Amino acid sequence: MGPLPTRKTSRRKTATRRAHDAHELKHLVRCDTCGEYKVAHRACPKCGTYNGRTVIDTKED
Ligand SMILES: [Zn+2]
């Protein structure tokens, strides 16, 4: 026996582990500035602010 896994990981075990993966995508909070839903700890894609500070220039045209 070498330094290899004893068994192939079952579909069940893989699926169970992956069950938490999508969680990151669900960190939606309301923007303090415009009230739009945005990903937590990311600048708001709508108004371009983070923590009340403008960090992205959202005005394009
Ligand atoms: Zn916003």
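These numbers come from a predicted model, not from an experiment. Just so you know, ligand 1 is whichever comes first in the structure, and atom 1 is the first atom listed for that ligand.
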Problem set entry | Hydrophobic cluster membership, Val39 vs Val29, 4.5 Å side-chain cutoff | no

For this session: Sequence neighbours left out, what passes side chain to side chain contact (heavy atoms under 4.5 Å, CB included) with Ala15? Give chain and number order.
Result: none

Exercise. What are the two closest heavy atoms between Lys38 and His41, and how far apart are they?
Worked result: NZ-N, 4.1 Å

Problem set entry | Between Thr49 and Thr33, a side-chain donor and acceptor under 3.5 Å | yes

Exercise. How many angstroms lie between atom CD of Glu36 and atom SG of Cys47, to the nearest 0.5 angstrom?
Worked result: 9.0 Å

For this session: Please say whether the positively charged group of Arg30, taken as NZ for Lys or CZ for Arg, lies over the ring of Tyr37, i.e. under 6.0 angstrom from the six-membered ring centre and within 45 degrees of the axis.
Result: yes

Exercise. So what's near the Zn ion (ligand 1), protein N, O or S atoms under 2.8 Å?
Worked result: Cys31 SG, Cys34 SG, Cys44 SG, Cys47 SG

